[in-house]
Amino acid sequence: MNPRHSALALLVAVLWGVNFVAIDLGLHPDGAEMPPLLFVAMRFTLVVLPCIFFIRKPDVSWKAIIGVGLLMSAGQFGLLYLAMSLGMPAGLASLVLQAQVLLTVLLAAGFLGERPSRRQLAGVVLGVAGLAVVAVGRSLVAPVLPLMIVLAAALSWAAGNIVARQAKAASGLGLVVWSGAVVPLPLLGLSLLVDGPSAVSQALVEVQPITLLSALYTAVFGSLVGYGIWNRLLGLYPSSAVVPFTLLVPVVGMTTAWLVLSEVPTTAEVTGGLLLLAGVATAVLRPWNFGRNNRRRDPRSRAQRRGEVRAAGRAGGLGVDLAAEDLPAEEGRWSPEDAARGAGTRAD
């Protein structure tokens, strides 16, 4: 990528990394507690309104829109916010959520019939080992339940990746906005059921400015701006050139959490985190000897390849993009290489 586009990719990684700290600040305003499911409903209300009146519905079925909304948005963020409200550190959450890359590889094998490569399986094993180290280290200093809930959020995201891949929406941003419309009412209903009408009404009446700013940041910069840039880059370059920037997200997230929230990870969390990122990198990055010079020449024009990529089902850059120069040989198939590289395209 040229320097300008590399800077934009880096900007997205920073926006997504800071996102976790913004969520934490909004959930715990001045020592108070914001109901997490209500907070997610607020975020996606801002994502949807007023954008839904200006962005055309993507050319996919309502079943796909609802599936992406329930799994990738409501499921992922509902569980993530719940875990963070229960004490999951923001920096550690940004790291553990990267497990969705490895889970997408496994789900693609199970539901799409894509056989993972040996390198991807090695990455999965390495990542699982890292998660195990993080879980053991976490259990020594704090309850491990929030960690398990973040892993459930990663699984929901990975399942959403599969649905979005099959949807093949031409407008990634359109799918983000329209699938986001599925989120507010169900999560508001769940919040009323779980937290109670009095707690929800009190939270809305006494909402703190930091919570409103957090919701605004996550909706505008985390979702709309971040994915808008990301989709553009994925339309110009192979995903293998863009996706590796997502490995910087937990680095930014943990650094920001350390500076703003004074979160200091334990030795076990750092060790396990490095193993997890190594596993993700193993699954996502291509070996050095598999460069452009060794690729089979594609007879299609760059415009044709770019058009096919844009139609390949990018849910707002949510982990389902195919490389412009690495499309599967068999039409309609999602190769394991694409499953791994594409799965890491969103970090909150």
Side-chain angles (χ1 to χ4, degrees), residues 9 12-13 16-17 19-20 68 71-72 75-77 79-80 92-112 114-135 147 150-165 226-227 230 234 238-254 272-287 312-323 326 334-348:
V12 173
W16 286 344
N19 211 37
F20 290 88
V68 171
L71 292 169
M72 193 174 290
Q76 179 197 172
F77 291 111
L79 291 167
L80 175 64
L92 189 60
S94 70
L95 173 69
V96 174
L97 203 61
Q98 287 295 314
Q100 61 87 19
V101 176
L102 310 176
L103 292 170
T104 300
V105 173
L106 298 178
L107 291 182
F111 291 94
L112 300 180
E114 308 296 350
R115 184 177 178 182
S117 67
R118 291 181 180 179
R119 179 166 51 82
Q120 287 178 313
L121 290 176
V124 170
V125 171
L126 190 60
V128 170
L131 287 172
V133 173
V134 170
L147 175 66
V150 174
L151 286 176
L155 178 61
S156 183
W157 179 359
N161 288 341
I162 303 303
V163 176
R165 162 65 181 115
Y227 300 147
W230 199 251
L234 285 164
S239 63
S240 56
V242 181
V243 169
F245 281 90
T246 61
L247 294 174
L248 298 174
V249 172
V251 177
V252 174
M254 298 187 80
L274 291 174
L275 284 174
L276 173 60
L277 288 181
V280 172
T282 301
V284 170
L285 301 180
R286 285 184 175 275
R314 298 192 305 273
L318 305 187
V320 290
D321 303 279
L322 300 180
D326 299 308
W334 191 22
S335 75
E337 298 291 336
D338 294 318
R341 291 199 311 279
T345 60
R346 181 188 180 204
D348 204 294

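Atom set for the values below is all heavy atoms of this structure, side chains included, hydrogens, waters and symmetry mates excluded.
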Trainee: So how far is it from L71 CG to N161 CG, rounded to the nearest 0.5 Å?
Mentor: 10.0 Å

Trainee: Identify the two heavy atoms, one from L80 and one from A93, that lie closest to each other, and give their separation to 0.1 Å.
Mentor: CD1-CB, 4.1 Å

Trainee: For a 4.5 angstrom cut-off between non-hydrogen side-chain atoms, does L277 reach P250?
Mentor: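 Heavy-atom side-chain distance check passes, below 4.5 Å.
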
Trainee: Rounded to the nearest 0.5 Å, what separates atom CZ in F20 from atom CG in L92?
Mentor: 10.5 Å

Trainee: Give me the atom names and distance for the closest heavy-atom approach of S94 to G253.
Mentor: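 Looking at all heavy atoms of both residues, the closest pair is OG-CA, 3.8 Å.
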
Trainee: Measure the spacing between CD of Q120 and OG1 of T282 and express it to the nearest 0.5 Å.
Mentor: 10.5 Å

Trainee: What's the shortest heavy-atom distance between P116 and V105, and which atoms?
Mentor: CB-CG1, 4.0 Å

Trainee: Is the backbone N or O of A152 less than 3.5 Å from a side-chain atom of S156, with the two atoms forming a donor-acceptor pair by type?
Mentor: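 Checked: no pair found.
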
Trainee: Which heavy atom of V68 sits nearest a heavy atom of G160, and at what distance?
Mentor: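 Minimum heavy-atom contact is CG2-O, 4.5 Å.
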
Trainee: Mind listing the closest non-hydrogen atom pair of L95 and G273 along with its distance?
Mentor: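 Answer, listing the atom of L95 first, then G273: CD2-CA, 3.2 Å.
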
Trainee: Quick check for you: to the nearest 0.5 Å, what is the distance between L131 atom CG and Q98 atom CD?
Mentor: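 Rounded to the nearest 0.5 Å, the CG-CD separation comes out at 11.0 Å.
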
Trainee: For a quick test of reading the model, state the closest non-hydrogen atom pair linking L107 to A159 and the distance between them.
Mentor: CD1-N, 3.5 Å

Trainee: What's the spacing between L155 CG and L102 CG if we round to 0.5 Å?
Mentor: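 That separation rounds to 12.0 Å.
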
Trainee: Can you check side-chain contact (heavy atoms from CB on, under 4.5 Å) on L276 and V134, steps first, answer last?
Mentor: CA-CA 9 Å; L276 173 60; V134 170; 5.9 Å; no

